[in-house]
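Below you'll find the structure, written out as structure tokens, and then a few comments.
Here the structure is a predicted model, which is why all the values come from computation and not from measurement. In what follows, every chain begins at residue 1, and chains take the letters A, B, ... in the order their sequences are listed.
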Amino acid sequence: MSERYEPNSFEDKWRSRWSEAQLFRTREVPGKPKFYGLDFFPYPSGAGLSVGHCRNYIPTDVICRKKLMEGFNVLHPMGFDAFGLPAENEAISKKTHPSPMVKSYGENYRRQMDLVGISYDWSRSFYSSDPEYYKWTQWIFELLYKRGLAYRRLAKVNWCPKDLTVLADEEVEGGNCWRCGTPVEKKDIPQWFFKITAYAQRLIDDLDTVDWPDGIKNMQRNWIGRSEGVEFDMKVVFDSPSLFGGTTKREGLGREFPGELDSTPLPPPFSRNEKEEGDSESDFVVISHEPGPHFRVFTTRIDTIFGMTFCVIAPEHPLVETILSTVPAERKTEVEAYCTAAKAVSDLDRQATTREKSGVFAGAFAVNPANGKHVPIYVADYVLMGYGTGAIMSVPGHDQRDFDFAKKFGIEIIPVIKDVGMDGAGSETSTISPNSPSSSTSIDHASEAKDGILINSGEYDGLSVAEAQKLLGEWMEGLEIGEQIVRYKLRDWLISRQRYWGCPIPVVHSKDGDESLVPEEDLPVELPDVESYEPADDGSSPLSRIREFVNVTDPEGTLGQRETDTMGGFACSSWYFLRFCDPTNSEDPWDPAKADYWMPVDCYVGGAEHAVMHLLYARFWTKVLFDEGLVSVSEPFQRLMNQGQVLGLTPYRKPQEGEKLQVGEEGLLTSFDEAAEIQAKIDSGELDADNLFYRWARMSKSKGNVVTPDEMVDQYGADALRIYELFVAPFESDVQWSNDGVAGATRFLNRVFRWVSDVQDYYEPNWESFLAVENVEGKGIGIRRAIHQATKKISADIDRFAFNTYVSEMMKCLNVVTDALKNADWTDRGFILAMSEAVETLVLLLAPAAPFSADELWESIGRNGFTLNQHWPSYSEAIAAEDTVTIAVQVNGKLRDTITLGADATNEEMEAAAMSSEKVKVHTDGKQIRKVIVIPAKLVNIVAQ
RNA sequence: GCCCGGGUGGCGGAAUGGUAGACGCAGCGGACUUAAAAUCCGUUGCUCGCAAGAGCGUGCGGGUUCGAGUCCCGCCCUGGGCACCA
């Protein structure tokens, strides 16, 4: 064997041996525990894998390899998320078909994964675009449909004018398309939805049962956005007898609206029938005791109802129409102008929080059910039609947005909550004049606090916020003017895509407008293989232009048309982890017994960017499948880990004349070649140094900062790449890529090879049986201690995803055993046995991280087979234990000396040794010793004064 | 604005409330070499000191404790997510 790490001499050999032996084929040995390790389903990009992707796959591989060595049946599969926009867009731009393109990219991914030595069982692999796979995606669609969880409706949707497609809410980032950054427009199209909202509460509750990063759990909770509050009804009137402080007397619980305000003849109340097509989010159910228009508001702060000084409805709210039919013409004109203008403002602009509040008085008043007070109703675009009821009660004293609005429009501000911390000197009864010079631009920090007590609230004064919320909610329910409800921000999952490259939706529309599922025996509805699949710019699906696909006849001869939308890619990735349990089943999506064995995924590894999309959808589908009895777990991923990103050094240059920077940009992206030219000019003094600078950015083809595993393996070897990626930083941290670090990993492997070659001639393969009877002390014991300590530490480190300390522990252990060679005594039996144990153990500890080298070293010491088939090393606490301990001696908490004692030293012995230290005496002389703290085997702290 | 992370040597980072800086990178000194690379040995938080040693040190300010990088309170900076969500 070579004395050096020469990966070129052995990597190919082991790759082919592993392949021939089908080493990574999933084993289902009866009686063994199982482990399912999974990486996020990748879309195989044409750019190939970067070292950033490897940071995902290598750690999972380490875990899976260790689990296999520990005696688990391990499922470690990989497949490709082939359908979707990225593939289709790229195929269009390259004037090719997405199917062969994606297959070739997938094959390249596989080649690179094999190159790095990831132990995937390729016999279980598939593409989500395989008909054998998407048949079952369609089957699950039909299951959802039958359970009432898939439906079609006309809806305003996000429309990307560049990609020419509808986008899910989650695909809109800051008002722009997540993929191309184009501002999103609104468009009305019939769309398919999955009713994920029906699972909102379970999706929140079951987060408590999984072992995920808190950050991801929180993001999901926020995304689902549960809020508890009260939804209640308010009467609309067209005069304002009690405006601004009219009715202040209260007649107690159970009081009704002041009846005398109803004298004006009013239009009939609007009802559910009048609501606009497509506005299914809001229910305008009127609980009507009295004639006249009403509207409903939702609030999470019913306790502040006495602070309501106005109401706001969204420009799209149906009540606008109702009010306008009654108000004077000039008011009508003004309101209509505002609504028209508001609808023209893009979503992006409308959502900008820095935007100044705008609005207009609608011409009517709302009656506060709590005190009968009449408050003006405004139309303003800061209230959104899409959330709650599209109407709010405004409490400027305790809501920043209402406050801003009130300031601008000169509306009264009444504080109704007093901070409990105050001593009563506050402005309990006074109101704040909106134009008062002393009033600030922001409401008091304490004013939004939820722990105050009520003021200015009639007989509710003095109650806590929580008490008032409960009582007011109950009071409203008693009078049937409102109810306590729970709302969620989560919307139903829009799956329709008007694009070609996706899983067809298995539905047929009949001439009379009925829709029916394609019979199960006719699945899959195959995607037709066509030359032209570009989307039409009217938003219709390319499939709608393929006559042979669209027109169908059922067995009775009835004509129909196929649904021509396809499913968004997240449908395909919402169940692939189940298919891996039984990937070739042609009768069922999977055999429930097999899924019950392998599920849940024990360790799921991928980037945090999928925190709310894929991970929420996959949880939802799993729950539906659980409810159907197809799988026995309701959470698919027991443990989730997010690896950090790998950042590449990215050159930027200063813009030249005529070039402009976008907002937020520091400089213009440039290539390394161009950067070198600029650097040369800087060096020669032709340009100033600030013309070129570097930033760390996520590796991407467009930034030109990608480092590939291919070049790393070629230059340093796969194991050096693996070791470096594990060692460079904690698993979850971002890293700044450096080739120097890979060279350091090479150095470590070199030292391992040299050490093993130094030892191999003396290696005793039967060390274990000899050690069992021979008492090893003296020269061997230090080696044995180091190796047992390393085994203990490494076993725990891998389990807790501390791969960086796993590698550093191997380095530390190697330092000990190579140091021991300096005083090697190959005539000493104990030394030989200890060194033999060390070689064998360290090679096995190395195996998950550096499998090529481990197998090569294993062979070099004369052992047969693969390290992956060996038992993971065990350790003995007794051998790992030190026989001496180093005690820290502190005086008043400051370290003054360290002393070495036997590991069995008693507290009294420790204290005595500490007190007799000369260094300690220097600091205690002349002082009185108050106390001595002794931590066994660790430390003595002498408190002296 | 709200919700999560993270601030430790020149750098990446380590550290169940108990010796801060493991392990590595880079640097410095030395060995080997005609020379270089590679490799090996030593050294490396800062300040003062010839030295022994002393003092200071985990973003800032307080607190709890015999003892705080670690726990608590209040800030600052930074990365990410969400956002007129009532």
* Between Phe753(A) and Tyr5(A), how do the two ring planes meet: parallel, tilted or perpendicular, split at 30° and 60°? -> tilted
Can you name the atoms? Protein N/O to nucleotides 51-55 of chain B N/O, anything below 3.5 Å, with the distance.
from, atom 1, to, atom 2, distance (Å)
G55(B), OP2, Arg896(A), NH1, 3.0

* Could you check if a side-chain atom of Glu483(A) sits within less than 4.5 angstrom of a side-chain atom of Val230(A), using non-hydrogen atoms only? => no
* To do: Give a yes or no answer on whether the side chain of Asn941(A) reaches the backbone of Ile933(A) with a donor-acceptor pair at less than 3.5 Å.
  => no
* Euclidean distance for C1', U34(B) against C48(B) (whole angstrom) -> 45 Å
* Scan Asp402(A) against the nucleic acid and name what it touches under 4.0 Å (heavy atoms): base, sugar-phosphate only, or nothing. => nothing
* To do: Report which part of the nucleic acid Arg695(A) touches: base, sugar-phosphate, or nothing (heavy-atom distance under 4.0 Å, all strands).
  => nothing
* When you check the glycosidic angle of G9(B), does it come out syn, meaning within 90° of 0, or anti? -> syn
* Which value, in whole Å, describes the distance between the P atoms of nucleotides C72(B) and C41(B)? -> 44 Å
* Side-chain (Thr746(A)) to main-chain (Val742(A)) donor-acceptor, under 3.5 angstrom -> yes
* Asked: Touch check for Thr805(A), heavy atoms < 4.0 angstrom, all strands: base, sugar-phosphate only, or nothing?
  -> sugar-phosphate
* Quick one: the side chain of Lys357(A) and the base of C84(B), do they pair up donor-acceptor inside 3.5 Å? -> yes
* Asked: Would you say the ring centroid of Phe310(A) lies under 6.0 angstrom from that of Phe405(A)?
  -> yes
* Asked: Can you give the dot-bracket line for RNA chain B, using ( ) for pairs inside the strand, [ ] for pairs that cross earlier ones, | for pairs with another strand and . for unpaired bases, where Watson-Crick and G-U count if both distances are under 3.5 Å?
  -> (((((((..(((.....[....))).(((((.......))))).((((....))))..(((((..]....))))))))))))....
* Asked: Which part of the nucleic acid does Gln890(A) contact within heavy-atom distance under 4.0 Å: base, sugar-phosphate only, or nothing?
  -> base
* Asked: When rounded to the nearest Å, what value does the distance between C1' atoms of C71(B) and U64(B) take?
  -> 8 Å
* Asked: Would you say Arg491(A)'s side chain and Ile196(A)'s backbone share a donor-acceptor pair under 3.5 angstrom?
  -> no
* Reckon Arg4(A) touches a base, only the sugar-phosphate, or nothing at all at heavy-atom distances under 4.0 Å? -> sugar-phosphate
* Pick the P atom in G10(B) and in G18(B), then give their distance to the nearest Å. => 26 Å
* Within the structure shown, what part of the strands sits under 4.0 Å from Asp214(A) by heavy-atom distance: base, sugar-phosphate, or nothing? -> nothing
* To do: Output, in order, the C-alpha distance, side-chain angles, deciding distance and verdict of salt bridge (charged side-chain N to carboxylate O under 4.0 Å, His left out) for Arg296(A) and Glu231(A).
  => CA-CA 7 Å; Arg296(A) 227 165 149 72; Glu231(A) 201 178 286; 2.7 Å; yes
* **Base C4(B) paired with Asn218(A) side chain (donor-acceptor, <3.5 Å)** => no
Distances under 3.5 Å between nitrogen or oxygen atoms of protein and nucleotides 24-28 of chain B:
from, atom 1, to, atom 2, distance (Å)
G24(B), OP1, Asn815(A), ND2, 3.3
C25(B), OP1, Arg747(A), NE, 3.0
C25(B), OP1, Arg747(A), NH2, 2.9
A26(B), OP2, Arg747(A), NH2, 3.3

* **Distance (rounded to the nearest 0.5 Å) between Ile481(A) CD1 and Asp233(A) CG** => 7.5 Å
* How far, in whole Å, is G7(B) from A15(B) if one measures between their P atoms? -> 12 Å
* **C75(B) to C23(B) separation - P atoms, rounded to the nearest Å** => 40 Å
* Test item: Asn750(A) side-chain N/O and Arg4(A) main-chain N/O as donor-acceptor pair under 3.5 Å -> no
* **Nucleotide nearest Tyr382(A) (side chain, heavy atoms from C-beta), chosen from C84(B), A14(B), C66(B)** => C84(B)
* Please measure how far the P atom in G13(B) lies from the corresponding atom in G61(B), and state the result in whole Å. => 24 Å
* To do: Name the nucleic acid region contacted by Thr886(A), choosing base, sugar-phosphate or nothing; use a 4.0 angstrom heavy-atom cut-off, strictly under.
  => base
* Asked: Taking atom C1' in both C11(B) and G27(B), what distance in whole Å separates the two?
  -> 11 Å
* Asked: What does Pro730(A) touch in the nucleic acid at a heavy-atom separation under 4.0 angstrom: a base, only the sugar-phosphate, or nothing?
  -> sugar-phosphate
* Does the side chain of Asn892(A) get closer than 4.0 angstrom to OP1 or OP2 of C66(B) through an N or O atom? -> no
* Take Phe803(A) and Glu725(A), measure what side chain to side chain contact (heavy atoms under 4.5 Å, CB included) needs, and give me the verdict at the end. => CA-CA 9 Å; Phe803(A) 304 106; Glu725(A) 294 225 10; over 6 Å; no
